[in-house]
Amino acid sequence: MAMVGVAMAALGRSDPFGVHGVIVLVYSVGLLFLVLSSFYAPEPRTDRQASYYDDPIKVGIALSMAWAVFGMFMGVWIAAQLAWPTLAFDAAWSTFGRLRPTHTTGVIFGFGGNALIATSFHVVQRTSRARLAGQISPWFVLLGFNLFCILAVTGYVMGVTQSKEYAEAEWYADLWLVVVWVTYFILYLRTLARRKEPHIYVANWYYMAFIVVVAILHIVNNLAVPVSIGHAKSYTIWAGVQDAMVQWWYGHNAVAFFLTSGFLGMMYYYLPKRAGRPIFSYRLSILSFWGITFFYMWAGSHHLHYTALPHWVQNLGMTFSVMLLVPSWASAGNALLTLNGAWHKVRDDATLRFMMVAAVFYGLSTFEGSFLAIRPVNSLSHYTDWTIGHVHAGALGWVAFITFGSLYTLVPALWKRDAMHSAALVEVHFWLALAGTLIYVFAMWNSGIIQGLMWRTYTEDGTLAYSFVDSLIAMYPYYIARAFGGLLFLLGALVACYNIWMTARATPLIAGSQLDLPDRRPATGTAPSPAE
């Protein structure tokens, strides 16, 4: 990797491609130092295959929380810029257009991606009763993925972008991610192949869908021809309306399989685990899996209503978007029904409350998504802040809440602690996150609907009643509210970082610390249930 970095720096020179070569070189030398520093360490124990491999999971959690703070801070900054434009400081690198993808990449891929990799490594080992099928490859996947995130974010600040939503990184970063992701896929398959349980628990189905489909989406959407081997700029092979259709096939399915399927894998393992109850209906979880996997693939064209996209393709996307409500609500309902008999725990346990609220937001967001995909509704909501509110209802209320709930369940078990350092801080985090989410989403709902109505209001003469500037003035108080809601959510993430750090530093439990081993079969003698 260091040699590749040297080659990139030499070929790119003063181009951003060369700058990224230097970053790859520095990153690789840092990893090389870590590898060489352990050269004289004691040989690994011969019985290490009899235990789970949790070190990459711990680092993945730390990286996830670091990216959460970064990504959410950037989100608060750009939200504040919309209310107070002078916060761009009259500099090119700090404009909204360059900082906005650092926010989306930092939160979606940095925070969400690292959390998915870490929890998938944990879940596949525990439900298969098998150690990860590799000693090097888990580190390659984790650290290689973070190198992609670093290349993407630093590129945006320099103005390097493909201008594709959620796929702004340029061709060389995309190629690197393909290598990392194929390694991830092979590692996951090899771990499942060596399982000691005949049954593959449903959470692994969702994680596998996330891994496989994201690879397909990423490759097809990012097919491009670089200007030269030493230049960061490239041009997509897709043209015109085909490019738009492929982009939103990718964009909506990135939501489907990165921000939905993977996090449903979290929900189906950690929610029953925390509640101490089996999933309400295992069969329903499988039916929901196949419904989501099939229906979601066709829904992306609802982003392109009233465009040059063929009408029948728009209708196809709208129809499948409405049909998606069935498998989506099946999972949301399955999660809530799992809590029957455990509602007293929800009342007393903020960690479980994170997961319960996540399931509620998942149900609400999927209903709203199906509703907004209907063409007459879309005529009002399209290009307005209503869409921004919808996205953040899912991203904050569903993705972030289920992630924090899962991490609060995982961290004490991983570091062999009896509980999080402070239950009170988990409670504080919950209310900060909930308040921030509600303020943000309600501000954007109001802002978006007002925008849509103002843009379509005509005078008796048939001219527009309001100028675009008039709509911006009307949005001003809502933009302030959005920035405040995001700030509350960021404060909650900082509280979580402190709580996780203090939990990791606490004295580990001695009793029972060796019980979590692949050879210890669950008490039922059947496929491992999260409740066990």
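Contact between Arg274 and Met355 at its shortest, heavy atoms only, is CB-CE, 4.1 Å. Shortest non-hydrogen contact noted between His20 and Gly155 is NE2-N, 3.4 Å. Closest non-hydrogen pair, Glu170 versus Ser234, comes out as OE1-OG, 2.6 Å. In terms of heavy atoms, Gly389 sits closest to Trp445 at C-NE1, 4.4 Å. Pairing each heavy atom of Tyr250 with each of Ala167, the nearest pair is CE2-CB, 3.6 Å. Across all non-hydrogen atoms, the minimal contact from Thr384 to Leu380 is CG2-O, 3.5 Å.
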Go through Val225 and Tyr235 one step at a time and tell me if the side-chain contact (heavy atoms from CB on, under 4.5 Å) criterion holds. CA-CA 5 Å; Val225 179; Tyr235 291 95; 5.6 Å; no
Step by step, would you call Asn222 with Trp171 a side-chain contact (heavy atoms from CB on, under 4.5 Å)? CA-CA 7 Å; Asn222 289 292; Trp171 62 275; over 6 Å; no
Pair Phe371-His390, ring-ring contact (aromatic ring centres under 6.0 Å, His included): steps then yes or no: CA-CA 11 Å; Phe371 183 63; His390 163 62; over 10 Å; no
For Leu284 and Leu337, run side-chain contact (heavy atoms from CB on, under 4.5 Å): C-alpha distance rounded to whole Å, both residues' side-chain angles, the deciding distance at 0.1 Å, then the answer. CA-CA 11 Å; Leu284 189 61; Leu337 289 169; 5.8 Å; no
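A donor-acceptor pair under 3.5 Å links the side-chain atoms of Asn334 to the main chain of Ser281, judged by distance alone. Proximity of a side-chain donor or acceptor of Tyr268 to a complementary backbone N or O of Ile279 within less than 3.5 Å is not detected.
Note that CD of Gln451 and CH2 of Trp386 are 12.0 Å apart. Values are rounded to the nearest 0.5 Å. Note that CG of Leu142 is 6.0 Å distant from CD1 of Ile117, once rounded to the nearest 0.5 Å. Atom CZ of Arg353 sits about 7.5 Å away from atom CG of Asp349, to the nearest 0.5 Å. Atom OH in Tyr362 sits 12.0 Å away from atom CG in Leu364 (nearest 0.5 Å). Put simply, CZ on Phe489 and CD1 on Ile439 are 12.5 Å apart, with the number rounded to the nearest 0.5 Å. Separating the CG atom in Leu396 from the OH atom in Tyr440 is a distance of 7.0 Å, to the nearest 0.5 Å.
Under 3.5 Å, the side chains of His103 and Tyr156 contain no donor-acceptor pair of N or O atoms. In summary, the side chains of Tyr206 and Ser285 do not present any donor paired with an acceptor at a separation below 3.5 Å, with no hydrogens or angles considered. Side-chain atoms of Ser120 and Tyr184 include a donor-acceptor pair closer than 3.5 Å. For His382 and His305, the side-chain atoms include no donor-acceptor pair closer than 3.5 Å. Trp67 and Asn146 share a side-chain donor-acceptor pair at under 3.5 Å.
Using bins of under 30°, 30° to 60° and over 60° for the plane-to-plane angle, the ring pair Trp139/Tyr53 lands in the perpendicular bin. Under the 30°/60° scheme for interplanar angles, the aromatic rings of His429 and Tyr408 are found to stand perpendicular. Using bins of under 30°, 30° to 60° and over 60° for the plane-to-plane angle, the ring pair Phe145/Trp181 lands in the tilted bin. Ring-plane geometry between Trp248 and His303 is classed as parallel, the angle between the planes falling under 30 degrees on a 0 to 90 degree scale with a further cut at 60. Using bins of under 30°, 30° to 60° and over 60° for the plane-to-plane angle, the ring pair Phe148/Phe109 lands in the perpendicular bin.
Contact of the Thr366 side chain with the Thr260 side chain is not registered, since no non-hydrogen atoms from C-beta on lie closer than 4.5 Å. In this structure, the side chains of Leu187 and Phe140 stay at 4.5 Å or more apart for every pair of heavy atoms. Side-chain contact between Arg195 and Ile200: present, with at least one pair of heavy atoms (C-beta onward) separated by less than 4.5 Å. Contact check for Val220 versus Trp249: side-chain heavy atoms found under the 4.5 Å cut-off. Proximity of Thr102 to Ile78: side-chain heavy atoms (C-beta onward) are nowhere separated by under 4.5 Å. In this structure the side chain of Thr236 never reaches within 4.5 angstrom of the side chain of Gln247, judged on heavy atoms. Within the 4.5 Å cutoff, the side chain of His392 has no heavy atoms near those of the Thr437 side chain. Side-chain atoms of Val213 and Met297, non-hydrogen and from C-beta on, do get closer than 4.5 Å to each other.
Of the charged side-chain nitrogens involved, none lies within less than 4.0 Å of a carboxylate oxygen, so that Glu168 and Arg98 do not count as a salt-bridged pair.
A centroid separation of less than 6.0 Å is found between the aromatic rings of Tyr296 and His252. Note: Phe263 and Phe210 fail the aromatic proximity criterion, with ring centroids not under 6.0 Å apart. With ring centers used as reference points, Tyr282 lies under 6.0 Å from His199.
Each of Val124, Thr127, Leu410 was evaluated against Tyr269; a single residue qualifies, Thr127, per the side chain to side chain contact (heavy atoms under 4.5 Å, CB included) test.
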